[in-house]
Every structure is written in structure tokens, then in C-alpha cells.
Amino acid sequence: MRACPISCTAVKQQFSTCSRKPKDVNQMTRGNPCQLPGMLSNYDPNDSEAGMKILEDLTENVEQIQQRVLEEIITRNARTDYLKGFLDGQFDKQVFKKTVPVVNYEDIKPYIERIANGDSSNIISAEPIIELLTSSGTSGGQPKMMPSTAEDLHRKTFFYNLLVPVMNKYVDGLDEGKAMYLLFVKPETKTPSGLMARPVLTSYYKSNNFKNRPFNRFNVYTSPDETILCSDSKQSMYCQLLCGLVQRQEVLRVGAVFASAFLRAIKFLEHNWKELCSNIRTGHVSDWITDPGCRKVVSLVLNKPKPELADLIEHECNSKSWEGIIKKLWPRTKYIEVIVTGSMAQYVSTLEYYSGGLPLVSTMYASSECYFGINFKPLSKPWDVSYTLIPNMAYFEFLPVKKKNEDGAQYVQCNGVCKENCMEKETEKEDVETVELVDVKLGQYYELVVTTFTGLYRYRVGDILMVTGFHNKAPQFRFVHRRNVVLSVDTDKTSEEDLLKAVTKAKVIVESLGILLIEYTSYADTSSIPGHYVLFWEITSKGNNHLPVLDHKIMEQCCSTVEESLDSVYRRCRRKDNSIGPLEIRVVQHGTFDALMDFCVSQGSSVNQYKTPRCIKSGEAINILDSRVVARFFSQKAPFWEPV
């Protein structure tokens with residue numbers, strides 16, 4: 001390895017190494033001073049200035065850091081079973097990019113399954129794999145398992161610690177109170193090898209990195225760890241809300257991982273506030289809270305009867321409208337921290353209704369495969385959120401993607417090769433040229449490819465991103481949508497992003513009448529000819545949980561608005577080809593999407609990571625939705641279309 005050209009002190013510490021290139025991968029061990037220490041800097045998370053300095057150094061020296069990341073990953077893992085078949089003992093970056101293929105999950109699944117069944121980690125990773133991280137199960141397919149190492153937990157801790165300095169730059173006084181973050185775990189399963197398989201957030205919350213984390217005055221939670229680690233999601237939710245209400249005057253920010261999870265908490269509060277107030281009034285936790293850890297810590301938080309606090313909370317919750325309820329119950333709150341990008345964007349209007357004008361903050365971009373990027377402008381509006389990829393988290397490459405042509409002649413163009421379904425087939429084996437992180441172009445769309453420290457090499461994450469700008473020399477990306485999450489009846493291909501835009505336009509119609517769209521999903525109903533799109537909507541009146549009286553003409557207008565908002569290929573199929581029937585909206589009763597979540601969790605999804613799937617393919621899931629339909633509406637006219 002050549003000497004590091006970077007002059008800044010913080011980054012020099014990351015790259016502390018001797019200049020000779022090792023002849024043997026085994027020389028690169030934890031005890032050898034030649035090994036880069038995970039390319040992570042140690043710093044006191046209470047020192048925001050030091051944290052920002054690290055971020056500035058990382059984003060200023062992107063190219064050098066990315067090259068060193070790839071060098072380290074190759075050097076460590078060149079003699080794993082997976083890589084040695086491609087590299088033949090070589091450690092060269094160009095050989096790596098020329099011989100190691102860009103892959104999907106199906107390509108690496110046999111290796112993951114071998115490890116799950118007891119084979120050595122050295123199949124894919126020189127570092128021992130200590131657990132397997134499962135995906136949410138609702139992002140374009142079945143749950144997938146990703147390898148994880150002990151060092152990867154330190155990398156996540158490093159990443160989390162860098163979120164705080166960014167927030168401190170924009171919001172003062174976060175060390176003068178607490179955060180009511182509603183965090184949850186899912187019980188893990190044990191693979192035949194003995195390795196645990198669990199969601200990435202469950203992995204982190206159960207790790208010593210989280211449980212034994214050093215004190216950070218900027219990141220004190222209202223929820224005791226015992227309530228977060230409780231495997232009973234109902235008891236966990238109840239206890240965390242109870243602790244948050246008791247400490248309401250100390251709360252400076254509230255949130256959950258996803259917007260949908262936070263709104264589920266608000267709905268839970270709507271159903272249980274009377275009992276919560278009773279607990280606060282008496283100083284006694286409800287008897288049905290049987291988890292011993294929860295009972296103990298919550299009793300300590302309650303401490304004694306607080307009748308005046310109970311009366312105050314009861315007064316706010318008993319009002320006719322819950323508009324602005326967050327600010328009323330937690331008056332010192334400065335912002336709501338939830339992910340509101342991607343499919344979570346459809347929750348923005350509902351969050352704004354409950355928030356009382358509080359900013360909605362999306363701080364980070366991450367997945368089970370890797371933690372990717374940080375939002376350097378956290379107070380930006382949800383539709384303006386971009387994430388800056390942190391160059392020492394993984395080696396990043398990008399597959400160029402062009403949006404589909406409006407004339408319907410092709411769906412997308414990947415790397416100059418026209419293929420109608422090149423974004424759709426996960427097993428596509430085509431020769432592609434990737435673009436490095438420093439070479440992406442402003443305004444262009446890309447599919448993210450990662451090489452990680454944990455055993456993923458040139459792996460297609462499946463996320464489509466658009467370059468929106470740069471922080472220093474680090475590109476910033478807007479999350480667009482997941483690859484392959486689409487509706488299709490004929491030659492139409494409707495992406496998650498396209499559907500979100502269409503639904504967003506349609507829901508404006510009902511919102512003007514005091515009606516909120518709480519949740520939605522869809523499926524392509526091909527049981528009849530021609531097939532047609534079906535949208536399931538759960539709606540409510542503002543200020544209460546009652547199903548509003550629905551005007552047929554208004555709802556039919558919503559159907560038409562969705563169709564008019566979809567792309568020209570869909571509209572051509574509807575109007576000219578008659579290959580797609582009128583779009584249908586099926587209104588479902590309250591609690592339907594809770595039932596859908598329960599079903600998905602029973603199939604292996606994580607409560608903490610669950611995201612409502614925007615396209616349903618499971619027959620059982622469709623039956624759950626159909627059994628709760630209370631009204632059906634169809635578009636009464638074909639959308640406008642003309643040849644381009």
C-alpha cells in the first residue's frame with residue numbers, strides 16, 4: 001500500500017499504516033500494525049466539533065478513502081472461497097472490477113445458505129460472521145439474509161455517532177433534555193449453524209455496542225433499554241409511551257425509525273390514552289404488563305402517583321381533534337425524527353396533521369446490507385431530502401439508469417443497452433460498466449452497488465438514486481424507489497415512485513373535504529380481462545376515527561386522477577389498446593392495515609423495520625384486504641393519451 005496522501009490529522013489517523021504492500025493476506029490481521037483499523041476514527045460523541053471535523057475530512061477526501069476501502073477489503077478477503085475464484089491471488093483493484101461480477105441476491109444466496117447451515121465464514125469473509133441480518137421482507141421480495149461481523153457493529157456505532165453533530169449544527173440545546181424514540185426488537189431465529197438471524201436494528205439494539213454505549217448527553221432516551229428490548233411489541237409500545245408521557249417536559253424530540261411506525265404509535269395512543277393516564281394517576285403499571293424488566297424500570301419511572309399530570313394529558317387527549325397533538329403532549333419538542341423518503345413520503349401529510357408544525361427530519365439512509373449516508377441538511381422539507389454517502393462505510397459503485405421514455409418504446413435504458421425489463425429481472429446477466437462514487441453526474445439516476453467489509457462484493461442493493469448535489473467532494477443522492485417494486489398488467493410498468501405521485505395527487509381531493517388517507521397499497525387484478533389496477537385505501541375523518549360518508553363522484557374523481565397521473569404507457573394501454581381496465585379504489589375498514597402488518601410479521605417481517613408494501617402479490621394478503629372492503633369505486637373515463 002502506498003503512503004496516504006491526505007494531510008488532515010483526523011483522516012491520517014484512520015489510515016495509519018505502513019507503506020509496504022503485504023505479500024500474504026494473513027499478514028493483515030488485527031494485531032498487525034499494517035491493518036487499517038476499519039477506517040474508523042475514535043472520538044468523543046459528546047464533542048460535536050470533532051464529529052463535524054471528521055465528516056468534513058471524509059467528504060473532502062472521497063476518492064482517496066474509497067480507494068483505500070477497496071484495497072483493504074480486497075487484501076483482507078482475496079483468499080476467501082468466493083473471491084479467490086475470480087482474483088487468483090491478485091490484490092489489484094482493476095482485476096477486481098474486471099473479474100468479479102456485479103451480482104444480485106440470488107447469485108450469493110447459496111453462499112449465505114451454506115454459512116447458515118454450518119460452513120465456515122471463510123467462504124465469503126476472512127472476518128468471522130457472527131450473525132445474519134434479515135431484510136424487512138417487504139422490499140421487493142422475500143426476506144434475505146446478509147452477513148455481519150463484530151467489526152460491522154463498530155462501524156454502525158461510528159455512523160450513529162456522526163448523526164448527532166449534524167443535528168447539533170441546526171438545532172440548539174439537544175443536551176438539555178431527552179429523545180422519545182420508539183424503538184423495537186423482533187425475536188431472532190437460530191440457523192442450523194447456531195448463528196442468529198435477525199433484523200439489522202434488532203441486531204444493533206441487542207448488541208453490547210448499544211446496551212453498553214457510553215453516555216452521550218445529546219442522545220438520552222426516555223425509553224429504558226428494557227422497554228426497547230422487550231420482545232412483546234404491545235408491552236414495549238405501551239411502556240415506551242408511558243415513559244415518554246411521564247417525562248413529557250424533558251422531551252426535546254420524538255420519533256421512530258419509519259414514519260409508519262411513528263403513526264402506529266399515535267394510533268396506539270389514541271386507543272390507550274385513558275389507561276395510560278390511569279397508570280400515571282395511580283403510580284401503578286397495568287397488571288397486563290408482565291415482562292419483568294419492563295415492570296421494574298417503568299415502575300421506577302412512574303415513581304409515585306401524578307394526578308395533575310394525568311389530568312393534563314387526559315385534557316389534551318380528550319379534545320375533539322388530535323390536530324397538533326404531538327406539540328400539545330410534548331411541548332418542548334423541536335422536531336420529529338422519522339424516515340419520510342421513498343415509500344414513507346405518503347405519510348407526510350398525516351404526520352403534519354399530528355405534528356403541530358414540527359419539522360420532519362430524516363437523518364440517515366441505511367439497509368441490512370450496509371449503512372450508507374447521512375442527511376447533511378436535516379431540516380430540509382421531506383421532498384428535498386438528500387443523503388451524502390459516507391465513503392468509509394463501504395466501496396460504492398453505480399449502474400447508470402435512465403428513466404423510461406414517455407412514448408413507451410422502452411422502459412429504461414441501463415448503461416446504454418435498451419431492454420424493456422433490464423431493471424426488473426433480478427437475475428439479469430448483462431455486461432455492465434459501473435461508475436465510481438466520485439464520477440457520478442448531477443441529475444443522473446443510478447442503481448447502487450456495494451462492496452462491504454462483511455462479505456458482499458459488487459452487490460446490487462436494488463435502490464434507485466438520483467444525484468442532487470455535492471457536499472465538498474461527496475455526492476448527495478435522493479432515494480427514488482426500489483428496483484422491481486412495480487405494478488404491471490400489460491406492457492405498462494408502474495414503479496413505486498410513479499404510484500406514490502399519482503396517489504399523492506388524488507388524495508388532495510379528499511383532503512380538501514377533511515378526509516385523511518391513512519394507508520394504501522395496490523395489486524394488479526388479472527382475474528378479469530382486461531386486468532386492472534386495484535388500490536386499497538384506509539381513510540378517516542380529520543379529528544376522529546370515524547369512516548367518513550363517501551361521495552361516489554368524488555371517489556370516482558380520485559380514480560380518474562390516479563390514472564391521469566400515471567405515465568403515457570399506462571394511459572396508452574387504457575385508452576388506445578384497451579389492454580387495461582378502469583382503475584379501482586377499494587376503501588377498507590379501520591384497522592385493515594394493522595391486520596396486514598400482523599400477517600407480514602407472522603411471515604417473518606420485523607415489527608421495527610416493517611413498511612407497508614405498496615404492491616401486494618400474496619394471495620393471503622389480498623384476501624385479508626378484500627375481506628375488509630366497505631366500498632368500491634371505479635374510474636368512469638379513460639385517461640387522456642396521444643402519441644408523442
Side-chain angles (χ1 to χ4, degrees), residues 103-109 111-113 115-116 121 124-125 127 129-160 183-191 195-207 209-210 256-258 260-261 339 341-344 363-374 387 389-390 393-396 426 447-465 479 481-485 600-601 603-613:
V103 297
N104 296 290
Y105 184 72
E106 292 305 314
D107 299 308
I108 63 168
K109 184 177 179 181
Y111 297 90
I112 302 294
E113 289 183 339
I115 292 170
S121 300
I124 59 172
S125 172
E127 293 287 315
I129 293 171
I130 61 170
E131 61 187 345
L132 297 169
L133 306 179
T134 56
S135 73
S136 66
T138 60
S139 292
Q142 296 298 312
K144 302 171 185 177
M145 294 188 294
M146 301 296 164
S148 182
T149 64
E151 183 190 71
D152 195 44
L153 289 168
H154 298 314
R155 187 164 281 103
K156 291 183 174 74
T157 299
F158 171 82
F159 185 94
Y160 280 125
L183 310 175
F184 306 93
V185 299
K186 180 184 183 296
E188 58 269 328
T189 57
K190 184 176 287 188
T191 65
L195 293 177
M196 305 309 295
R198 49 193 167 200
V200 60
L201 295 172
T202 297
S203 160
Y204 191 75
Y205 300 149
K206 289 195 170 186
S207 72
N209 292 61
F210 179 79
V257 177
F258 293 111
S260 55
I339 293 174
T341 50
S343 63
M344 292 294 113
T363 59
M364 60 182 281
Y365 168 40
S367 73
S368 300
E369 294 90 341
C370 178
Y371 282 24
F372 304 122
I374 293 174
Y387 301 101
L389 297 196
I390 306 303
M393 300 306 294
Y395 179 68
F396 299 112
E426 285 207 358
E447 181 185 345
L448 179 61
V449 176
V450 295
T451 296
T452 71
F453 289 90
T454 58
L456 299 178
Y457 307 103
R458 309 196 80 192
Y459 177 80
R460 295 172 72 167
V461 175
D463 292 349
I464 306 301
L465 311 176
F479 179 90
H481 62 81
R482 287 282 297 171
R483 181 168 58 94
N484 298 337
V485 183
C600 291
V601 169
Q603 300 300 301
S605 294
S606 161
V607 172
N608 197 56
Q609 289 179 269
Y610 176 81
K611 294 170 284 189
T612 300

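Remember, predicted model here, so these are calculated numbers, not experimental data.
Smallest separation of non-hydrogen atoms from Ala197 and Thr191: CB-CG2, 4.0 Å. Residue Thr202 comes nearest to Phe184 through the heavy atom pair OG1-O, 4.5 Å, listed as atom of the first residue, atom of the second, then distance. In terms of heavy-atom proximity, Ile124 sits nearest to Tyr457 at O-OH, 2.5 Å. The shortest heavy-atom contact between Phe210 and Tyr205 is CD2-O, 3.2 Å. Residues Ala366 and Phe372 come closest through the heavy atom pair CA-CD1, 3.9 Å. In plain terms, the two heavy atoms of Arg458 and Thr451 that are nearest each other are N-OG1, 2.9 Å.
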Could you walk me through whether Val257 and Ile339 satisfy the side-chain contact (heavy atoms from CB on, under 4.5 Å) test, starting with their C-alpha distance in whole Å, then the side-chain angles of each, then the deciding distance to 0.1 Å, before giving a yes or no? CA-CA 6 Å; Val257 177; Ile339 293 174; 4.3 Å; yes
Go through Lys206 and Met196 one step at a time and tell me if the side-chain contact (heavy atoms from CB on, under 4.5 Å) criterion holds. CA-CA 12 Å; Lys206 289 195 170 186; Met196 305 309 295; over 6 Å; no
So Ile115 and Met145, side-chain contact (heavy atoms from CB on, under 4.5 Å) or not? Walk me through it. CA-CA 11 Å; Ile115 292 170; Met145 294 188 294; over 6 Å; no
Does Tyr365 form a side chain to side chain donor-acceptor pair (under 3.5 Å) with Thr341? I'd like the steps, not just the answer. CA-CA 9 Å; Tyr365 168 40; Thr341 50; over 6 Å; no
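Between Ile390 and Ile374 the shortest side-chain heavy-atom distance falls below 4.5 Å. Using a 4.5 Å heavy-atom cutoff, the side chains of Pro147 and Leu456 are in contact. The shortest side-chain heavy-atom distance between Ser203 and Leu153 falls under the 4.5 Å cut-off. Contact check for Val450 versus Tyr395: no side-chain heavy atoms found under the 4.5 Å cut-off.
Checked against the 6.0 Å centroid threshold, Tyr204 and Tyr160 count as a close aromatic pair.
Between Asp152 and Thr454, the side chains place no donor N or O within less than 3.5 Å of an acceptor N or O (distance only, hydrogens not considered). Neither side chain, Thr149 nor Glu151, offers a donor N or O lying under 3.5 Å from an acceptor on the other.
Using a distance-only test at 3.5 Å, with no hydrogens or angles considered, no donor-acceptor pair links the side chain of Ser121 to the main chain of Ser125.
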